[in-house]
Each structure stands twice: as C-alpha cells, then as structure tokens.
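Notes for the one structure printed next.
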Amino acid sequence: MELDFEKMNGLVPAIIQDNYTQKVLMLGFMNKEAYDKTVETGKVTFFSRTKNRLWTKGEESGNFLHVVSIQADCDKDTLLIKVHPEGPVCHTGTDTCWGEKNEQDIMFLKELQDFIDKRHAEMPEKSYTTSLFKSGVNKMAQKVGEEAVETIIEACNGTDERLIYEGADLLYHLIVLLTSKGYRIEDLARELKERHSENWKKH
C-alpha cells in the first residue's frame, strides 16, 4: 500500500475500529516502520511520540489489537484499521479511549454469518451446521418452516423467554439456508433498506 508519510513529518494517523461492533476504539500514529511491523505481525504497532519508539499496543498489558483489514483514505495519508481487540483498549481500563462500551449486539449477526460461511467452506465433521448443509436445500427449508411454526406457537401461547429462544433458532436456520443459496444476512438487510427508502419517498 502506498502511503504519504511526508505530509505529517513521517507520520500518518491510524483510526482503530472494532471489526465486529464498528466502534472507533482509539487513534494513534504510525511511521513507515510501525506500519510495516503491523502488516508483518498482524498486531497494531504505533510510533509513540512520547516514548519516541515503536510501540505495539498490548506489549505490556496483553491487550493486543489483531488486524482484520487496513485501508487508506483517498489522500493516502490516513489509515482505517479494523481489528479484533483483546481486552480493553484504553490505558484507563475502558473499552475505548472515549470511555464508551464496545458493545453492539446486532452486529453479532455478521459474526454468526461469517462463522456459518466458514462452516460451509470447510464442512467439518460432527458439526450440526455441516449436517444441515449436507441435508440439502429442501431439508434446510423444511427446518426453517418448523422453526417458524415453533416461533408462532410461542408468540401465541408460550412465554416471552421461549419466543426469543425459538426466534433465535429461526434466524440461525434462515442464515444457513441463505448461505446454501449463496446469500448472506446482509442481503436481507439491503433489501429492507431499499424498501424503507422507497416507502419513505412515497410518504
């Protein structure tokens, strides 16, 4: 990746974002050596302006930032680095350097989708998800129907706890079915987003 280190005297700012929750965790600076080490090790390394040396985040605390992806902005002078954080990010012990909680449960659906994609690619033995894929589309679709019926039953005559439990089963099996057809849960989100946009224009 070509970066412009000259604009800020050999440094570029690096925005660190949690790949799962999409929360911005911290901001640091990298020189070329820090960037190269980050790419080589897969752990975020900054140039510490106070210590005047390379500093791998977590080298003392063990709270490393494991790199998922690195992107440069349009001017090639700022980085966006998506990571899997290992523990709190801030030296004060908070999840982010802004004191925010690094939580967003809805984003777990993306992590679940990634996991199911991996199961589909690797098909490990003795995996329930693998057995679903091997059963074929008809069986998977039937399973979605069964889980939908169970969800309806709990909604009408069951408990709230069981409704959530069966609804989660329904969503899981729907994602498996989508994956078998080459789609992801994001495709449903995109469809709903487009419908929402169209309906908003009508009203």
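Residues: numbered from 1 along the sequence shown.
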So, does Ser197 use its side chain to make a donor-acceptor pair with the main chain of Lys193 at under 3.5 Å? no

Please confirm whether the backbone N or O of Pro124 pairs with a side-chain atom of Thr130, one donor and one acceptor, at under 3.5 Å? yes

Any side-chain heavy atom of Lys43 within less than 4.5 Å of one from Val67? no

Go through the steps for Val149 and Ile153 under the test side-chain contact (heavy atoms from CB on, under 4.5 Å), then give the verdict. CA-CA 6 Å; Val149 170; Ile153 291 171; 3.9 Å; yes

Would you call Asp187-Arg190 a salt bridge at under 4.0 Å N-O? yes

Using side-chain heavy atoms (C-beta onward) and a distance below 4.5 Å, is Glu166 in contact with Glu147? yes

Looking at Asp75, I want to see if its CG is surrounded by more than 12 non-hydrogen atoms of other residues, nucleotides or ligands under 6.0 Å. yes

Separation between CG of Leu65 and CD1 of Ile81, rounded to the nearest 0.5 Å: 9.0 Å

Please indicate whether Glu161 has more than 12 foreign heavy atoms, meaning atoms of other residues, nucleotides or ligands, lying under 6.0 Å from its CD. no

Hydrophobic cluster membership, with links at side-chain heavy-atom distances under 4.5 Å among I/L/V/M/F/W/Y: are Val44 and Leu3 in one? yes

State, with a plain yes or no, whether a side-chain heavy atom of Leu192 is found less than 4.5 Å away from one of Glu194. no

Just wondering, do Phe29 and Met8 contact through their side chains at under 4.5 Å, heavy atoms? yes

Atom pair NZ (Lys139) and NZ (Lys143), whose distance is rounded to the nearest 0.5 Å: 10.5 Å

Rounded to the nearest 0.5 Å, the NE2 atom of His91 sits from the OG atom of Ser61 at a distance of 11.5 Å

Under 3.5 Å, which donor-acceptor pairs link side chains of residues 93-100 to any protein atom two or more places apart or in another chain?
unit_1: Thr94; atom_1: OG1; unit_2: Thr92; atom_2: OG1; d: 3.4
unit_1: Thr94; atom_1: OG1; unit_2: Thr96; atom_2: O; d: 2.7
unit_1: Asp95; atom_1: OD2; unit_2: Asn102; atom_2: N; d: 2.9
unit_1: Thr96; atom_1: OG1; unit_2: Trp98; atom_2: N; d: 3.0
unit_1: Thr96; atom_1: OG1; unit_2: Gly99; atom_2: N; d: 3.3
unit_1: Thr96; atom_1: OG1; unit_2: Glu100; atom_2: N; d: 3.1

Just checking, any donor-acceptor pair under 3.5 angstrom between side chains of Arg119 and Ser127? yes

Whether Tyr128 and Tyr172 hold their rings parallel, tilted or perpendicular, with breakpoints at 30° and 60°: parallel

Closest heavy-atom contact between Thr151 and Gly167? OG1-N, 3.6 Å

Using 0.5 Å steps for rounding, measure from the CG atom of Leu174 to the CG atom of Asp169. 12.5 Å

Heavy atoms from other residues, nucleotides or ligands near CZ of Arg53 exceed 12 (cutoff 6.0 Å): yes

Taking Lys7 first and then Asp77, would you say they form a salt bridge - that is, a charged N and a carboxylate O separated by under 4.0 Å? yes

Any side-chain to backbone donor/acceptor pair from Asn63 onto Pro88? Under 3.5 Å, distance only. yes

Using a strict threshold of under 4.0 Å (side-chain N to carboxylate O), is an ion pair present between Lys134 and Glu125? yes

Spatial distance of atom OG1 (Thr38) from atom CG (Leu54) [nearest 0.5 Å]: 8.5 Å

Kindly indicate, with the supporting measurements, whether the criterion side-chain contact (heavy atoms from CB on, under 4.5 Å) is fulfilled by Lys23 and Lys101. CA-CA 9 Å; Lys23 287 276 190 182; Lys101 279 280 187 185; over 6 Å; no

If the threshold is 4.0 Å, N to carboxylate O, is there a salt bridge linking Asp18 and Lys82? no

Lys/Arg-Asp/Glu bridge criterion (N-O < 4.0 Å) met for Lys118, Asp114: no

Please walk me through it: do Asp36 and Lys32 pass side-chain contact (heavy atoms from CB on, under 4.5 Å)? CA-CA 6 Å; Asp36 288 342; Lys32 188 175 187 308; 2.9 Å; yes

Check whether any side-chain heavy atom of Glu186 lies under 4.5 Å from a side-chain heavy atom of Gln113, and answer yes or no. yes

Consider only side-chain heavy atoms of I, L, V, M, F, W and Y, link residues closer than 4.5 Å, and tell whether Met1 and Phe5 are in one cluster. yes

Please identify each residue that fulfils ring pair (Phe, Tyr, Trp, His ring centres under 6.0 Å) with Phe46, with sequence neighbours left out. Trp55

Heavy-atom count check: over 12 atoms from other residues, nucleotides or ligands less than 6.0 Å from Lys181 NZ? no

Using the test salt bridge (Lys or Arg N to Asp or Glu O under 4.0 Å), find all partners of Asp73 that sit at least two apart in sequence or belong to another chain. none

Can you find a pair of side-chain heavy atoms, one from Phe64 and one from Val83, that are under 4.5 Å apart? no

Side chains of Tyr35 and Thr45: donor-acceptor distance under 3.5 Å anywhere? no

Give the cluster check for Met30 versus Val68: same hydrophobic cluster or not, with ILVMFWY residues linked at side-chain heavy-atom distances below 4.5 Å. no

Determine whether a donor-acceptor pair (N or O, by modelled atom type, separation under 3.5 Å) exists between the side chain of Glu59 and the backbone of Thr56. yes

For residues Gln17 and Gln22, report the shortest heavy-atom separation together with the two atoms involved. NE2-O, 2.9 Å

Is there a side-chain contact between Ile16 and Val24, using heavy atoms and a 4.5 Å cut-off? no

According to a hydrophobic-cluster definition based on side-chain heavy atoms being under 4.5 Å apart (Ile, Leu, Val, Met, Phe, Trp, Tyr only), do Leu109 and Leu132 belong together? yes

Start with the C-alpha distance between Asp117 and Thr179, add both sets of side-chain angles, then the distance that settles side-chain contact (heavy atoms from CB on, under 4.5 Å), and finish with yes or no. CA-CA 7 Å; Asp117 279 348; Thr179 304; 3.3 Å; yes

Taken to the nearest 0.5 Å, the spacing of Met140 CE from Thr129 OG1 works out to 11.0 Å

Cluster check Ile185, Leu177: I/L/V/M/F/W/Y, side chain < 4.5 angstrom: yes

Give a yes or no on this: more than 12 heavy atoms of other residues, nucleotides or ligands lie within 6.0 Å of atom CD of Glu146. yes

Does a side-chain heavy-atom distance below 4.5 Å link Leu188 with Leu178? yes

